[in-house]
There are 2 protein chains.
Amino acid sequence: MAEKGRRTVRDLRRGSRSALLRHLYFEGPLSRHELGRISGLSSGSISNVVGELLADGLVEECGSVESDGGRPRTLLRVTPGLAHLVGVDVGETQVRVALFDLALTELAASDQPLSDCGHDVGHVVELILTGLSEVLERTGVDRSTVLGVGIGVPGIVEQDHPEADGDTVVVHGPTVGWDAVPLGRLLRAGTDLPLYIDNGAKTLGQAEMWFGAGRGARNAVVVLFGSGVGACVITDGARFRGSTSSAGELGHTRVHVGGRPCRCGARGCLEAYVGAEALVARWGDAPPGTSEKAGLAALLDAARQPHSKAAELLREAAEYLGAAIADLINLFNPERIVIGGWAGLLLGPRLLPAIRDAATDYAFSFPRAKTAIELGSLGPDAVTLGAAALPLSHFLDSGGSLSSRTGRHTQVG
Amino acid sequence: MAEKGRRTVRDLRRGSRSALLRHLYFEGPLSRHELGRISGLSSGSISNVVGELLADGLVEECGSVESDGGRPRTLLRVTPGLAHLVGVDVGETQVRVALFDLALTELAASDQPLSDCGHDVGHVVELILTGLSEVLERTGVDRSTVLGVGIGVPGIVEQDHPEADGDTVVVHGPTVGWDAVPLGRLLRAGTDLPLYIDNGAKTLGQAEMWFGAGRGARNAVVVLFGSGVGACVITDGARFRGSTSSAGELGHTRVHVGGRPCRCGARGCLEAYVGAEALVARWGDAPPGTSEKAGLAALLDAARQPHSKAAELLREAAEYLGAAIADLINLFNPERIVIGGWAGLLLGPRLLPAIRDAATDYAFSFPRAKTAIELGSLGPDAVTLGAAALPLSHFLDSGGSLSSRTGRHTQVG
DNA sequence: ACGGGTTAAATCACGCCGTGAGTTGACCCT
DNA sequence: AGGGTCAACTCACGGCGTGATTTAACCCGT
């Protein structure tokens with residue numbers, strides 16, 4: 001019943017505030033005049049809304065641009081120091097917590113290895129809370145200025161799970177042994193800040209779309225190529241979730257019906273051929289006791305020898321990843337595909353041509369011709385950045401409401 | 001610049017009209033009171049908007065429901081005879097044109113076989129225009145009451161193609177030899193009615209979502225299993241198009257890297273294993289000279305013999321289709337998957353259990369558990385029905401504007 | 001120093017919107 | 001005939017975006 005959506009005149013104002021705030025945030029400092037031109041609002045409304053935003057302190061004037069003959073236009077920007085954001089990356093080997101200002105400039109970060117306890121939930125929760133306190137203390141930032149904590153996790157993030165009450169966010173992460181973990185509720189015991197939990201691939205996608213190789217695209221897919229393989233699908237400019245927020249599980253699509261067993265239990269998954277864990281394991285020649293990262297670097301090094309097993313593995317991985325990307329092109333018809341993640345960035349320069357060729361071979365030629373395949377441009381910490389972008393996105397969508405801070409709420413992405 | 005969207009107070013009214021019209025159309029006759037309850041609008045607005053709709057003749061009163069003690073509520077419905085719709089299915093073997101009233105009751109239909117000229121564009125255009133005149137004449141319906149002509153075609157439908165001017169819809173159909181066919185412009189020479197052109201799988205999807213097995217779902221995939229294999233992806237209640245309207249090309253996703261050659265030129269496509277054309281060709285035992293439909297029926301009959309080649313082909317097709325559906329589940333996370341198309345409806349009762357099993361084997365268990373896989377419930381003429389639904393959808397979205405009739409416009413879906 | 005030209009930004013009357021309380025209308029039962 | 005009940009209409013109110021008009025802030029030529 002009673003579907004939401006713009007319904008009363010008041011919602012119009014919220015939409016206008018949100019639109020202006022977004023333009024000011026992403027298109028740098030703008031004058032009221034330019035703001036009117038790109039937003040389509042009339043000068044009267046611009047004056048009113050900007051006046052409100054100035055009064056609320058969300059926006060500030062920052063210099064002016066000279067003119068020849070007329071009144072100079074004063075520039076406006078979102079107040080960078082108004083509020084802060086926290087991003088958390090629960091990764092394969094570590095938990096990273098970073099504090100940002102509103103312009104997403106990193107003010108402090110805390111890296112904590114996951115040691116022997118692995119992904120034991122209590123341990124992870126403790127590391128997140130510890131890191132949170134640490135970055136806040138080190139910078140002296142007041143908790144009340146933090147808009148929220150965005151958290152990227154390795155698993156499917158579901159909302160409205162019947163078992164969870166109150167903080168209804170639940171995480172399913174088969175590869176790390178998480179089964180219906182009520183992460184929101186567990187963290188809630190240690191902090192009052194609003195929590196935004198989403199899959200790590202999706203936070204990476206958010207970062208690349210806003211600040212990286214995906215900028216400007218309305219339909220795109222960002223592939224997280226790390227230990228495993230995940231993806232973030234962007235449709236019409238927004239992250240696509242599906243009915244239970246598990247859309248984009250690229251790593252477990254089929255490349256061979258009845259193929260190599262995957263750590264998820266099925267056979268022939270993409271991840272079983274392309275994921276860093278699978279590659280290093282299949283190679284078998286990594287120096288014993290080294291980390292997965294070092295192992296993959298060694299594999300890349302060994303592959304410089306033509307006809308070696310390592311070279312063959314990489315050739316095969318490129319073909320399979322290209323074929324999977326071809327499927328993405330056929331099914332989603334994106335204008336851009338971005339390959340990120342630490343393994344993607346490490347292997348990308350070598351594999352990209354072969355990946356592009358395989359995608360061309362296997363995709364329908366018409367949509368393939370309109371799709372660019374590129375590497376991510378933000379480096380391995382993009383997951384943390386994207387996580388911090390989650391509360392920012394909410395902030396901008398809501399038209400700059402600061403009241404959410406007191407909400408004690410938790411939500412998906 | 002100047003992005004669209006609800007911006008002025010006037011757009012609110014358009015949205016309210018549209019919402020009320022939709023509720024009245026799909027939730028049958030409703031009283032003003034119920035309308036307010038399910039739409040969330042206040043009683044005052046309901047009175048205003050319904051008054052407008054009544055004055056415009058879009059809505060009419062139809063009886064009332066008695067009450068015990070109070071004023072009886074009068075029921076409202078969309079005037080069924082107010083306008084008419086035309087649906088066209090450019091199929092594998094024939095062109096079907098049907099005329100509907102606003103309630104999508106079929107008033108007349110014209111089936112014309114595609115004879116020897118095959119899919120020669122001029123021939124198809126002629127058949128469409130002939131069929132259109134025929135159904136209008138036979139029923140005596142005035143052209144001016146036709147809201148538009150929806151056309152489902154076997155190929156990718158693109159808008160804003162630089163080569164086409166004015167009517168900018170262009171169709172690419174590799175399997176029927178169409179390359180950048182300006183179908184909109186060609187038809188424009190023979191009719192002034194608004195044209196709505198989309199891929200046949202997408203019009204089938206529209207029909208199943210509105211009136212068939214997809215009803216009520218917000219995220220779903222409708223698979224068109226005919227000579228080839230296509231799909232219509234519905235996200236958040238709307239058909240998903242992608243950046244150049246080619247999303248959902250399921251038939252040419254990979255099931256075997258480097259497998260059986262497909263009629264599209266690539267290797268290992270799903271369609272090369274599952275499509276009716278491929279199945280009949282691989283079987284090879286169809287009585288010579290029979291149609292594809294008869295051939296597939298014969299194959300189904302032969303497959304009753306266990307361990308026969310036919311049975312093995314169907315077993316394999318079910319597994320591959322199930323695997324492809326598993327990929328759809330992983331990537332789109334829909335709440336429902338509907339299998340339609342003439343081949344799907346013919347083979348479905350036999351294959352569905354095996355398809356479901358394969359999907360369970362190959363998909364991530366968590367989203368799989370929340371996805372229902374079902375057969376379409378509308379029969380083989382659903383493509384035509386869905387095509388007629390395209391102008392209807394536009395009509396409802398616009399809040400019941402009849403002015404589009406005079407617009408001479410053409411558009412995708 | 002000063003006034004005319006030019007452009008940015010603020011102001012304001014106007015028409016329109018949805019809300020929700022109050023009113024009218026139509027029916028029931030006693 | 002009269003009171004109760006509920007649907008539907010009416011209307012004052014606060015709020016919105018628009019666009020013409022006014023005010024503010026700067027340039028340049030004299």
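Each chain gets a letter, A, B and so on, in the order the sequences are listed, and its residues count up from 1.
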Exam field: side chain [X] to backbone [Y], donor-acceptor pair closer than 3.5 Å:
{"X": "Arg143(B)", "Y": "Leu193(B)", "value": "no"}
{"X": "Arg336(A)", "Y": "Arg215(A)", "value": "yes"}
{"X": "Ser18(A)", "Y": "Leu396(A)", "value": "yes"}

Roughly, in whole Å, what's the span from [atom1] in [X] to [atom2] in [N]?
{"X": "Leu76(A)", "N": "dA8(C)", "atom1": "CG", "atom2": "P", "value": "14 Å"}
{"X": "Leu12(A)", "N": "dG15(D)", "atom1": "CG", "atom2": "C1'", "value": "10 Å"}
{"X": "Leu30(A)", "N": "dA8(C)", "atom1": "CG", "atom2": "C1'", "value": "15 Å"}
{"X": "Arg73(B)", "N": "dT5(D)", "atom1": "CZ", "atom2": "P", "value": "16 Å"}
{"X": "Leu41(A)", "N": "dG17(D)", "atom1": "CG", "atom2": "P", "value": "6 Å"}
{"X": "Glu34(B)", "N": "dC6(D)", "atom1": "CD", "atom2": "P", "value": "15 Å"}
{"X": "Arg10(A)", "N": "dC17(C)", "atom1": "CZ", "atom2": "C1'", "value": "13 Å"}
{"X": "Glu61(A)", "N": "dA8(C)", "atom1": "CD", "atom2": "P", "value": "15 Å"}

Original post:
If you measure only the distance, is there a donor-acceptor pair under 3.5 Å linking the side chains of Ser39(A) and His23(A)?
Top reply: no
Original post:
Checking all strands, does Ser43(A) fall into the base, sugar-phosphate, or nothing category for heavy-atom contacts under 4.0 angstrom?
Top reply: base
Original post:
Salt bridge or not for Glu335(B) and Lys370(B), using N-O below 4.0 Å?
Top reply: no
Original post:
Do the charged groups of Glu61(B) and Arg77(B) touch, with an N to O distance under 4.0 Å?
Top reply: no
Please check the phosphate of [N] (OP1 and OP2 only) for any side-chain N or O of [X] closer than 4.0 Å.
{"X": "Arg13(A)", "N": "dG17(D)", "result": "yes"}
{"X": "Arg32(A)", "N": "dA8(C)", "result": "no"}
{"X": "Thr8(A)", "N": "dG18(C)", "result": "no"}
{"X": "Thr74(B)", "N": "dA8(D)", "result": "yes"}
{"X": "Arg7(A)", "N": "dT19(C)", "result": "yes"}

Original post:
Are His84(B) and Phe100(B) close enough, and set up right, to give a ring-ring contact (aromatic ring centres under 6.0 Å, His included), and what steps lead you there?
Top reply: CA-CA 6 Å; His84(B) 299 89; Phe100(B) 302 84; over 10 Å; no
Subject >> Helix axis bend for the helix from dA1(C)-dT30(D) to dT30(C)-dA1(D) - C1'-based end axes, five pairs, 10° rounding >> reply: 20°
Original post:
Minimum heavy-atom separation for Pro334(B) to Ala220(B), with atom names?
Top reply: CB-CA, 3.8 Å
**OP:** Please state whether the base of dA7(D) and the side chain of Arg71(B) form at least one donor-acceptor pair under 3.5 Å?
**Re:** yes
Original post:
If you check every side-chain atom of Pro72(A), which of dA25(D), dG17(D), dG18(C) has the closest atom?
Top reply: dA25(D)
Original post:
Which nucleotide in the set dA8(C), dG18(C), dC17(C) lies at the smallest distance from any side-chain heavy atom of Val9(A)?
Top reply: dC17(C)
Original post:
Do Ser31(B) and Glu34(B) come close enough that some side-chain heavy atom pair is under 4.5 Å?
Top reply: yes
**OP:** May I ask you to test the Phe332(A)-Phe332(B) pair for a side-chain heavy-atom distance under 4.5 Å?
**Re:** yes
Original post:
Is there a residue in residues 44-56 of chain A whose heavy atoms reach under 4.0 Å of DNA chain C, and which residues are they?
Top reply: Gly44(A), Ser47(A)
